[in-house]
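This report concerns only the one structure given below.
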Amino acid sequence: MSQKTFFSLLLMAAPLTMCLSCGGSNTDKDSQDSIPAEITADGPQALPEYSITDTVTVRGSLYTYEFSLHNDKSAPTITNSEGINYYENDVMLTIYRGKSDEEIFTHNFRKEAFRQYLSDKEYDHITVAGFNFNYMELGKHDAFHFIIAVGDPDETTDIIHNIAIDITTDGNISTHIVNDIDTEPISDDLNIDPSEDEA
């Protein structure tokens with residue numbers, strides 16, 4: 001199965017499983033569900049918008065992260081490889097200390113930030129297609145690890161770049177292309193630091 005298919009399954013499963021989970025995901029701190037963007041036959045197509053909130057332990061401390069993928073209807077639309085118009089997308093990521101409202105990091109990720117990984121030929125025809133926690137790095141508690149997918153918004157194509165985003169607790173960001181992604185179902189306590197049980 002292609003990476004595009006794997007990531008599509010992950011994106012479809014994430015909002016559902018997070019909502020069903022006891023420690024589930026919500027669009028905001030008031031526990032309201034995400035509402036998919038409306039897709040119309042006449043105008044540009046829109047990928048479903050979604051938001052996820054969860055906790056992660058980094059360097060022995062608990063943090064809460066929340067992110068939202070949304071359509072940027074103010075930006076010029078893109079035309080994919082099949083000639084279909086789509087809205088551009090971006091992802092807003094915010095990280096809080098503990099479970100409080102003390103914000104320590106916020107950033108809006110757009111495809112421009114990953115220009116070095118995208119060819120000139122495809123750049124104008126792709127957009128941010130997905131974002132999630134990087135479960136390949138589940139055992140690491142040295143930084144915040146995420147995956148962003150930048151590619152053709154049509155899930156039937158194979159034009160996709162999965163890019164790891166690693167963020168340190170002081171806000172430094174590093175990125176690199178990843179070839180393998182983990183689509184394990186999301187469940188409770190995945191982000192608990194094993195050392196906490198020994199304390």
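- With rounding to the nearest 0.5 Å, the separation of CD1 in I165 from CD1 in I163 is 7.5 Å.
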| message | Run the ring-ring contact (aromatic ring centres under 6.0 Å, His included) test on F109 and H107 for me, step by step, so that the C-alpha distance in whole Å, both residues' side-chain angles and the decisive distance to 0.1 Å come before the verdict. | response | CA-CA 6 Å; F109 291 98; H107 190 80; 4.5 Å; yes
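- Between T127 and Y86 the shortest side-chain heavy-atom distance does not fall below 4.5 Å.
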| query | Are E66 and Y96 close enough, and set up right, to give a side-chain contact (heavy atoms from CB on, under 4.5 Å), and what steps lead you there? | reply | CA-CA 8 Å; E66 61 182 21; Y96 303 90; 2.9 Å; yes
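- A donor-acceptor pair is defined here as one N or O able to donate and one able to accept, closer than 3.5 Å; no such pair exists between the side chain of H125 and the backbone of S81.
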| request: Evaluate side-chain contact (heavy atoms from CB on, under 4.5 Å) for N132 paired with F146, printing each intermediate quantity in order. | output: CA-CA 6 Å; N132 214 323; F146 299 95; over 6 Å; no
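- Of the inter-residue distances, the one linking T94 atom OG1 with E103 atom CD reads 5.0 Å to the nearest 0.5 angstrom.
- The shortest distance between side-chain heavy atoms of I173 and D166 does not fall below 4.5 Å.
- Scanning both residues, Y87 and A46, for their nearest heavy atoms gives CD1-CB, 3.8 Å.
- Residues passing the side chain to side chain contact (heavy atoms under 4.5 Å, CB included) test with N108, sequence neighbours excluded: D90, M92, R110.
- In terms of heavy-atom proximity, P153 sits nearest to N80 at CD-CB, 4.4 Å.
- Shown here for A164 and V178, the closest heavy-atom pair between the two residues is CB-CG1, 3.6 Å.
- Rounding to the nearest 0.5 angstrom, the gap separating the CD1 atom in I104 from the OG1 atom in T169 is 7.0 Å.
- Using a distance-only test at 3.5 Å, with no hydrogens or angles considered, a donor-acceptor pair links the side chain of K111 to the main chain of Y123.
- Between the side chain of N89 and the backbone N or O of V128, at least one donor-acceptor pair lies under 3.5 Å.
- Legend: salt bridge (Lys or Arg N to Asp or Glu O under 4.0 Å) pairs involving residues 125-140, not counting sequence neighbours, sorted by first then second residue: E137-K140.
- Checked against side chain to side chain contact (heavy atoms under 4.5 Å, CB included), E122 has the following partners two or more places apart in sequence or in another chain: L118, S119, I126, I159, H161.
- Remark: side-chain polar atoms of T64 are paired, donor with acceptor, to backbone N or O of G98 under 3.5 angstrom.
- Annotation: ring-ring contact (aromatic ring centres under 6.0 Å, His included) contacts of Y63 (sequence neighbours excluded): F144.
- Rounding to the nearest 0.5 Å places OG1 of T157 at 7.5 Å from CD of E82.
- What you find for I160 and A149 is that their closest heavy atoms are CD1-CB, 3.8 Å.
- Note: F131 and F67 have perpendicular aromatic rings, judged against thresholds of 30 and 60 degrees for the angle between ring planes.
- Applying the side chain to side chain donor-acceptor pair (under 3.5 Å) criterion to T175, with sequence neighbours excluded, gives Y117.
- For the atom pair D154 CG and Q45 CD, the distance stands at 10.0 Å (nearest 0.5 Å).
- The shortest heavy-atom contact between S51 and S68 is OG-OG, 2.6 Å.
- Side-chain contact check for D142 versus R59: some heavy-atom pair is nearer than 4.5 Å.
- A ring-centre distance under 6.0 Å is found for F133 and Y65.
- The minimum heavy-atom distance linking A143 with I167 is given by the pair CB-O, 3.2 Å.
- Residues satisfying the salt bridge (charged side-chain N to carboxylate O under 4.0 Å, His left out) test with D120, not counting sequence neighbours, are R115.
- Atom OG in S61 sits 7.5 Å away from atom CZ in R97 (nearest 0.5 Å).
- Side-chain atoms of T79 do not come within 3.5 Å of backbone N or O of G83 as any donor-acceptor pair.
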